[in-house]
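In what follows, a structure is listed as structure tokens, so that the remarks can point back to it.
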There are 2 protein chains.
Amino acid sequence: MPPEKESTVVPLSKRKIACKDCSLFQICLPVGITGEELERLEQIIQRRRPVKRGDHLYHGGDSFRSIYAVRSGSIKSYVPTESGNEQVTGFHLPGELLGLDAIVHKTHPCSAKALETASVCEIPYEEFELLSNELPVLHRQLIALMSKEIFEEEIHTILLGKKSAEERLAAYLYSISSRYYRRGFSATEFYLSMSRNDIGNYLGLAVETVSRMFTRFQDDGLLSVERKHIVIHDLIRLKTMAGAVPGKCGERFFCLKNS
Amino acid sequence: MPPEKESTVVPLSKRKIACKDCSLFQICLPVGITGEELERLEQIIQRRRPVKRGDHLYHGGDSFRSIYAVRSGSIKSYVPTESGNEQVTGFHLPGELLGLDAIVHKTHPCSAKALETASVCEIPYEEFELLSNELPVLHRQLIALMSKEIFEEEIHTILLGKKSAEERLAAYLYSISSRYYRRGFSATEFYLSMSRNDIGNYLGLAVETVSRMFTRFQDDGLLSVERKHIVIHDLIRLKTMAGAVPGKCGERFFCLKNS
DNA sequence: TGGGAGTAGTGACAAATATCAATTATATTT
DNA sequence: AAATATAATTGATATTTGTCACTACTCCCA
């Protein structure tokens, strides 16, 4: 192990990887930010030292300072409830933002915990806001990402309000699969970083129900599951089982006819 | 009936009521927008002719042009599903915005329908965005409102994921009560503009269950209900029944200790 | 001013999922 | 590497809520 001093001299947080060299650049900053604009943004972004499994990025009730972008690993958002339970409100994979729900009240309504070792970019919000006033493209990007989050929460509402246990798990797995695929990973084979408990909680189901559904899916030949390791054999069928989701179907939205 | 020509000369949409004279000013635009800034904002806001019960502001799949603020009446947002059903994603009361979920994809993922005659301000988004680039306070306000919506969707997620039928209806009624109260109406007596069907749909319950819960609440002396007319007798108990909600408890968030 | 469509309320029953209990597998700790 | 805690699975049973059937009420609107 190198002497304490050396690691202090070159702390991890200083070993910056430029946004432009980040594999998530297209996901995190899809709008055309270039050259000088990007450099100025990078000046305010802080790369935090990797967070270890179980570490918190923030707790419910903490005052709001920054939003965060996941670079690697995965983060769970949850609201602790009075009874000592929690409600999981989301999982954040690389390229995704968290903390947007804290802007209004300048306080984090939920806690964020690493499900595995993860690295995260911290974007101090005040500085980001100041910079955005000069670079409107940043505002536009933030607003688009927030709109997306609202949209996705609506999808989750449909899931919780209308879908059966089977549809919920299918929709969940399909969502995870799509998100990994978009980031260049396999859509059909991945490790779930969250426990069955977390999945059940997020989907509004008991753990046991989640387990049973995994078993059923495996018996049906839809996928193979061994603990956290998932291999999907029939992605199309999985998507079908997940049921209707609002969004583009080909180039049109579905069911305009019914509305 | 006056001749066609006359009504064309002075269309309702021209009879503008200035934002500064609107009773919802403090809710809709709580940030300090004043003088010239406000005038410029008003120039782009269009007051639409009142929409009648059943009329749509937009349909799922429509391309996105504007966000809307409710001035009076109430609007229901819902996602039509393939099976011809719908999932109600929200109710919008005076002073509340809708359409924020459409910004990302420049398409409305859901439909918006008036539950009763309503009047609505239309804010053309492109113009709003251009103006926001000059008046950062507008951007800040929009971002705050979007953050609030994300936060509220999380609360709804807890409701759908964790609460019993009884807790759901109690939470719903308490929410409606609070929102009316904030707008200067009675917190304990109001008319529900939405049907039992819509309520059940929104809460993830069957209509019959909603009916039964209303009956139970009435039998318990919690409230009186006659169709859409509600009189709450014990607001505190209603709140208690609604169960935990993330948010400020006094000046602190609850359950930091557990997290 | 009916008459019909939609809306609301109630009971009986069914189904889905939660809960409880027990077992096994897997991590984590010492 | 054993010991202990945690997580996952499975079966049996309980409970909640949904579904179906029927009745009553209301509000349009022709």
Side-chain angles (χ1 to χ4, degrees), chain A residues 52-55 76 83 85-88 113-117 159-170 172-173 191-220 223-230 241 243, chain B residues 52-55 76 83-88 113-117 159-173 191-220 223-230 241 243:
Chain A
K52 286 200 306 289
R53 180 185 150 88
D55 284 353
K76 166 177 99 170
S83 46
N85 296 322
E86 56 185 56
Q87 169 67 47
V88 175
K113 181 154 113 178
L115 289 168
E116 61 195 315
T117 302
L159 183 142
L160 292 174
K162 286 264 169 306
K163 295 189 193 247
S164 68
E166 184 175 289
E167 289 172 317
R168 290 183 202 195
L169 187 60
Y172 179 73
L173 292 173
Y191 282 85
L192 292 172
S193 56
M194 65 293 294
S195 69
R196 299 283 191 271
N197 231 308
D198 285 339
I199 296 173
N201 189 310
Y202 180 65
L203 298 178
L205 299 171
V207 211
E208 295 92 331
T209 307
V210 174
S211 244
R212 281 185 246 273
M213 290 302 146
F214 268 120
T215 308
R216 186 194 290 182
F217 285 176
Q218 182 157 249
D219 291 350
D220 288 357
L223 48 75
S224 299
V225 49
E226 210 192 319
R227 294 259 143 173
K228 314 220 169 219
H229 181 221
I230 309 284
M241 289 176 72
Chain B
K52 286 199 306 288
R53 182 184 147 88
D55 284 354
K76 165 178 101 170
S83 45
N85 297 322
E86 56 185 56
Q87 168 67 48
V88 175
K113 182 155 113 179
L115 289 168
E116 60 195 317
T117 302
L159 184 143
L160 292 175
K162 287 266 169 304
K163 298 192 189 235
S164 67
E166 185 175 287
E167 290 173 314
R168 290 183 201 195
L169 188 60
Y172 179 73
L173 292 173
Y191 282 85
L192 292 172
S193 56
M194 64 295 293
S195 68
R196 298 284 191 271
N197 230 306
D198 284 339
I199 295 173
N201 190 310
Y202 179 65
L203 298 179
L205 299 171
V207 211
E208 295 91 334
T209 306
V210 175
S211 252
R212 280 185 249 271
M213 290 302 145
F214 268 120
T215 307
R216 185 192 292 181
F217 286 176
Q218 183 157 250
D219 292 349
D220 289 356
L223 47 76
S224 299
V225 50
E226 210 193 320
R227 296 257 142 175
K228 315 219 169 221
H229 181 222
I230 309 282
M241 288 177 73

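A note on names: the letters A, B, ... follow the listed sequences, proteins ahead of strands, and every chain is numbered from 1.
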Near DNA chain C, under 4.0 Å by heavy atom, which residues of residues 192-208 of chain B?
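The stretch gives B:S195, B:R196, B:N197, B:E208 as the residues lying under 4.0 Å from the strand, ordered by number.
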
Closest contact, heavy atoms only, A:S224 versus A:Q218
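Scanning both residues, the minimum pair turns out to be CA-OE1, 3.5 Å.
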
So which atom in A:Y202 and which in A:V88 form the shortest heavy-atom distance, rounded to 0.1 Å?
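Looking at all heavy atoms of both residues, the shortest contact is CD1-O, 3.6 Å.
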
What is the distance, to the nearest angstrom, from the [atom1] atom on [X] to the [atom2] atom on [N]?
X      : N      : atom1 : atom2 : answer
A:L169 : D:dA8  : CG    : P     : 13 Å
B:R216 : D:dT17 : CZ    : C1'   : 11 Å
A:R212 : C:dC20 : CZ    : P     : 13 Å
A:L159 : C:dT17 : CG    : P     : 12 Å
B:E116 : D:dC27 : CD    : C1'   : 16 Å
B:K163 : C:dT17 : NZ    : P     : 22 Å
B:L160 : D:dT17 : CG    : C1'   : 14 Å
B:F214 : C:dT10 : CZ    : P     : 12 Å

Under the side-chain hydrogen bond (donor to acceptor under 3.5 Å, both in side chains) rule, collect the residues that match up with B:T117, sequence neighbours excluded.
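side-chain hydrogen bond (donor to acceptor under 3.5 Å, both in side chains) check on B:T117 returns nothing, list empty.
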
When you measure from the side-chain N and O atoms of [X] to the phosphate of [N], is any distance below 4.0 Å, counting only OP1 and OP2?
X      : N      : result
B:S164 : D:dT16 : no
B:K228 : C:dT7  : no
B:T209 : D:dT17 : no

Check ion pair A:K113-A:E86 (N to O, under 4.0 angstrom):
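No, A:K113 and A:E86 are not salt-bridged.
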
In terms of side-chain heavy atoms of B:S211, which of C:dG9, C:dT17, D:dT9 is nearest?
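The answer is C:dG9.
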
Closest approach to the side chain of B:R227, judged atom by atom: which nucleotide of D:dA8, D:dT26, C:dG11 is it?
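Nearest to the side-chain atoms of B:R227, counting from C-beta on, is D:dT26.
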
Quick check on B:K228: does its NZ atom have over 12 non-hydrogen neighbours (other residues, nucleotides or ligands) under 6.0 Å away?
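Yes, because the 6.0 Å sphere around NZ of B:K228 holds more than 12 heavy atoms from other groups.
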
To the nearest 0.5 Å, what is the distance between CG on A:L192 and CG on A:L173?
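Spacing of CG (A:L192) from CG (A:L173) equals 6.5 Å.
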
Donor-acceptor under 3.5 Å (A:R168 side chain, A:L160 main chain)
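Between the backbone of A:L160 and the side chain of A:R168 there is a qualifying donor-acceptor contact (under 3.5 Å).
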
Both A:A165 and A:E226 contact DNA chain C. Which one's nearest nucleotide lies toward the 5' end?
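Going by which nucleotide is closer to the 5' end, it is A:A165.
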
Counting only distance, no hydrogens or angles, is the base of C:dT28 paired donor-acceptor with the side chain of A:R53 under 3.5 Å?
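Absent.
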
